[in-house]
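Computed from a prediction, not measured in an experiment: that's the story for all the values here. In this chain, numbering begins with 1 at the start of the sequence shown. Counting convention: from 1, in listed order, for ligands and their atoms alike. Both backbone and side-chain heavy atoms feed into the values below; hydrogens, waters and symmetry mates do not.
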Amino acid sequence: MRIVLLGPPGAGKGTQATILADELGVPQISTGDIFRANVGAGTELGVLAKKYMDAGDLVPDEVTVAMVEDRLAQADAANGYLLDGFPRTVAQAEALATLLDKAGQPLNRVLEIRVPDEHIVERLAARVTIVDGVETQRDDDKPETVRRRLQVYAEQTAPLVDFYSRAGLLRSIDGVGEVTEVTERALTALRSE
Ligand code: AMP
């Protein structure tokens with residue numbers, strides 16, 4: 001199954017992506033994780049991406065699409081994948097469609113996780129990750145960056161809801177609730193005709 005997960009920052013996309021990928025037996029491909037790994041390793045791509053990420057902006061489409069193209073060409077993606085955080089612009093969605101058309105491997109589903117804005121700000125403020133045993137907050141989870149990321153989502157990514165709805169691929173679920181409840185909704189939506 002080739003699936004795209006859509007949703008604003010803090011909707012629980014990453015959490016659900018990990019669980020769903022495991023459940024469906026496909027790799028989770030998170031562009032945010034790939035960028036963060038590059039930032040951590042100090043690669044050229046990481047240095048470039050960091051400027052945009054710290055500002056809450058999107059990394060340019062050209063760079064992002066080339067990176068995803070490389071990742072999808074790896075062996076573990078041959079039988080499907082769950083894309084988490086890509087595409088995020090209509091241009092990225094169009095590039096992905098062209099790529100997949102050429103390979104004769106169209107997307108099967110796009111799952112939108114819906115969460116009202118007030119929940120998002122709360123969730124991101126509380127979000128911590130453990131790095132080397134220490135609780136840390138992602139640089140881009142600071143309140144001013146979160147506001148920018150939400151604005152970027154509304155302006156550049158939300159139009160994909162319409163884009164995929166017209167393509168008949170979209171399924172939307174409510175992302176408010178316990179993790180297990182949201183996973184149940186997601187699996188039901190993904191398995192529905
Ligand atoms: P995420 O972990 O998905 O919230 O992504 C963190 C940051 O990585 C975003 O705020 C962007 O700066 C960058 N990023 C991740 N995915 C994309 C994408 N598809 N296009 C452009 N930038 C991205």
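If you look at Asp61 next to ligand 1, there are no close heavy atoms at all, none under 4.0 Å. Only the side chain of Thr64 comes within 4.0 Å of ligand 1, judged by heavy-atom distances.
When each atom of ligand 1 is checked for a heavy atom of Asp57 under 4.0 Å away, the hits are 11 (C), 12 (O). Those atoms of ligand 1 that come under 4.0 Å of a heavy atom in Gln92, given as number and element, are 18 (C), 19 (N), 20 (N), 21 (C). Every atom of ligand 1 is numbered from 1 in the order shown, and the set under 4.0 Å from a heavy atom of Arg149 is 4 (O). Those atoms of ligand 1 with a heavy atom of Thr31 less than 4.0 angstrom away are 15 (C), 16 (N), 17 (C), 19 (N).
Here the heavy atom of the protein found nearest to atom 23 (C) of ligand 1 is Phe35 CE1, 3.7 Å. The nearest heavy-atom contact from the protein to atom 19 (N) of ligand 1 is Gly85 O, 2.9 Å.
Any N or O atom pair closer than 3.5 Å counts here, and Val59 shares at least one such pair with ligand 1. Taking any N or O of Gly56, backbone or side chain, none lies under 3.5 Å from an N or O belonging to ligand 1. Below 3.5 Å of separation, one finds no N or O of Tyr52 facing any N or O of ligand 1. In terms of N/O distances under 3.5 Å, ligand 1 is not approached by Asp33. Considering backbone and side-chain atoms alike, Lys13 places every N or O at 3.5 Å or more from each N or O of ligand 1.
Ion pairing between Glu69 and Arg71 fails under the 4.0 Å rule for side-chain N and carboxylate O.
In terms of heavy-atom proximity, Gln16 sits nearest to Thr183 at OE1-OG1, 2.7 Å. In terms of heavy-atom proximity, Leu190 sits nearest to Leu111 at CD2-CB, 4.2 Å. Residues Tyr52 and Leu58 approach most closely at CD2-O, 3.4 Å, considering heavy atoms.
Shown here is Glu144, whose CD atom has more than 12 heavy atoms of other residues, nucleotides or ligands within 6.0 Å. The environment of CD in Glu62 is sparse: at most 12 heavy-atom neighbours from other residues, nucleotides or ligands sit within 6.0 Å.
Ile120 has its side chain within reach of Leu150: a pair of non-hydrogen atoms, C-beta onward, lies under 4.5 Å apart.
For atom 9 (C) of ligand 1, the nearest non-hydrogen atom from the set Gln156, Arg88, Arg148 comes from Arg88.
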Working for salt bridge (charged side-chain N to carboxylate O under 4.0 Å, His left out), residues Glu181 and Arg185: CA-CA 6 Å; Glu181 284 170 3; Arg185 287 176 208 148; 3.6 Å; yes
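Between Arg36 and ligand 1 there is a heavy-atom distance shorter than 4.0 Å.
Of the candidates Val110, Leu170, Leu160, Leu170 is the only one forming a side chain to side chain contact (heavy atoms under 4.5 Å, CB included) with Ser165.
In this model, a donor atom of one side chain and an acceptor atom of the other lie less than 3.5 Å apart for Asn38 and Thr43.
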